[in-house]
Undergrad: 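Encoded as structure tokens, here's the structure I'll be asking about.
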Amino acid sequence: MPKHALRRVMASTAAVAGALALSFTGAAAHAAEPLDYVALGDSYSAGSGVLPVDPSNLLCLRSTANYPHVIASATGARLTDVTCGAAQTSHFTQAQYPGVAPQVDALGAGTDLVTLTIGGNDNGTFINAVTSCGTAGLLSGGKGSPCKDRYGSRFEDEIEANTYPALKAALNAVRAEAPGATVAALGYPWIMPAAADPSCFVKLPVAQGDVPYLRGIQARLNAAVRRAAEETGAVFVDFARVSEGHDACAARGTRWIEPLLFGDSLVPVHPNALGERRMAEHAMDALGLG
């Protein structure tokens, strides 16, 4: 082969190799880009009661050890955390406090991942059910089912009539603002044990017959979250199995949820640090991020 022809072949080969190298380098750099992750939701998302507290917004009682921060740390994601204690579904599109923007304002076309736990504060479902049943349990000395006898299907009816459509609307709002994101709606880990535990009455003063009643209300709420997630293209992260035995009646070091009385958190009936870590780990497993 003439030398000038050989030089042309070598030059062409070098150009192709260079182009391939640049292509692979670009692909590797793109693959290494961190996820753009936005965390939304209520106090279960915010980790309210878990130290340390995020000083950037004390109104929201947000922890820097909540499950969004655990996920971000494990995955290297770029986290924007706008979770806020006491948030309702309405606060996805409306300001919760002066100076606290609607949560979906944190989303954008470039958002890759969204996580949220929401719905428990709508209608006062959690707080009203737990405090009402706790008061009734104390007055009854732990006997019977005074809360169920008084309220019947009221809490579950409110979930079906009000919370479920509000959940669906909130998730649709998330999808509208972050159309390319993977959206994960996390359920609520069990608060009550599977069966009444008389030894737990001092920590969670719910009458024996109301233990399954309260657990049924929570199951109905989680079912509403699941249904809303499935109907809006979100991933539902189910804690029914993995949180069994880690309820508020479990021993310290085992429980994920702190009891109403004599617990280790200033915010009772909420996840502790262990609970937030386990919520993060199970969410990552469900999303294939482990």
Undergrad: Please give me the minimum heavy-atom distance between Ala224 and Ile159, naming the atom from each residue.
TA: CB-CG2, 3.8 Å

Undergrad: Compute whether any side-chain donor of one residue and acceptor of the other, for Tyr37 and Thr115, lie under 3.5 angstrom apart.
TA: yes

Undergrad: So, Thr163 and Asn123: side-chain donor and acceptor under 3.5 Å apart, yes or no?
TA: yes

Undergrad: Taking the side chain as every heavy atom from C-beta outward, state whether Pro268 and Glu258 have any atom pair closer than 4.5 Å.
TA: no

Undergrad: Begin with the C-alpha distance, continue with both residues' side-chain angles, and end with the deciding distance and a verdict on side-chain contact (heavy atoms from CB on, under 4.5 Å) for Asn57 and Arg62.
TA: CA-CA 7 Å; Asn57 190 326; Arg62 181 187 305 135; 4.2 Å; yes

Undergrad: With side-chain contact (heavy atoms from CB on, under 4.5 Å) as the criterion, how do Val114 and Leu107 come out once you've worked through the C-alpha distance, each side chain's angles and the decisive distance to 0.1 Å?
TA: CA-CA 8 Å; Val114 180; Leu107 304 172; 3.7 Å; yes

Undergrad: Verify the cluster assignment for Val70 and Leu287: are they in a single hydrophobic cluster under the rule of side-chain heavy atoms below 4.5 Å apart?
TA: no

Undergrad: May I have all residue pairs that pass side chain to side chain donor-acceptor pair (under 3.5 Å) and include part of residues 220-247, sequence neighbours excluded?
TA: Glu156-Arg220, Glu160-Arg227, Tyr164-Glu231, Lys168-Glu231, Arg215-Glu244, Arg226-Asp238, His246-Trp256

Undergrad: Could you check whether any side-chain heavy atom of Asp81 comes within less than 4.5 Å of a side-chain heavy atom of Asp54, counting everything from C-beta outward?
TA: no

Undergrad: Should Ile118 and Val100 be counted in the same cluster of Ile, Leu, Val, Met, Phe, Trp and Tyr side chains packed under 4.5 Å apart?
TA: no

Undergrad: What pairs meet the ring-ring contact (aromatic ring centres under 6.0 Å, His included) rule with one or both residues in residues 171-190, with sequence neighbours excluded?
TA: Tyr44-Tyr188, Phe126-Tyr188

Undergrad: Can you list every pair that meets ring-ring contact (aromatic ring centres under 6.0 Å, His included) and has a residue in residues 197-244, with sequence neighbours left out?
TA: Phe239-His282

Undergrad: Applying salt bridge (charged side-chain N to carboxylate O under 4.0 Å, His left out) as the test, list every pair that has at least one member in residues 96-110; sequence neighbours left out.
TA: none

Undergrad: Which is it for Leu40 and Val38 under the side-chain contact (heavy atoms from CB on, under 4.5 Å) test, yes or no, and what are the steps along the way?
TA: CA-CA 7 Å; Leu40 314 176; Val38 179; 3.7 Å; yes

Undergrad: For the residue pair Thr117 and Met279, establish whether any side-chain heavy-atom pair is separated by less than 4.5 Å.
TA: yes

Undergrad: Met192 and Val267: same hydrophobic cluster, using ILVMFWY side-chain contacts below 4.5 Å?
TA: no

Undergrad: Which atom pair, heavy atoms only, marks the closest approach of Cys147 to Ala136?
TA: N-CB, 4.1 Å

Undergrad: Heavy-atom count around Leu138 CG within 6.0 Å, excluding the residue itself: above 12?
TA: yes

Undergrad: Any pair with a residue in residues 67-99 that passes ring-ring contact (aromatic ring centres under 6.0 Å, His included), sequence neighbours left out, goes on the list, sorted by first then second residue, please.
TA: none

Undergrad: I want to check something: taking the side chain as every heavy atom from C-beta on, are Val183 and Arg175 in contact at a cut-off of under 4.5 Å?
TA: yes

Undergrad: Side chains of Ile257 and Pro189: does their closest heavy-atom pair fall under 4.5 Å?
TA: yes

Undergrad: Is there any ring-ring contact (aromatic ring centres under 6.0 Å, His included) pair reaching into residues 134-162, and which pairs are they, with sequence neighbours excluded?
TA: Tyr151-Phe155

Undergrad: side-chain contact (heavy atoms from CB on, under 4.5 Å) for Asn272 and Ser265? Distances and angles first, verdict last.
TA: CA-CA 7 Å; Asn272 52 32; Ser265 173; 5.9 Å; no

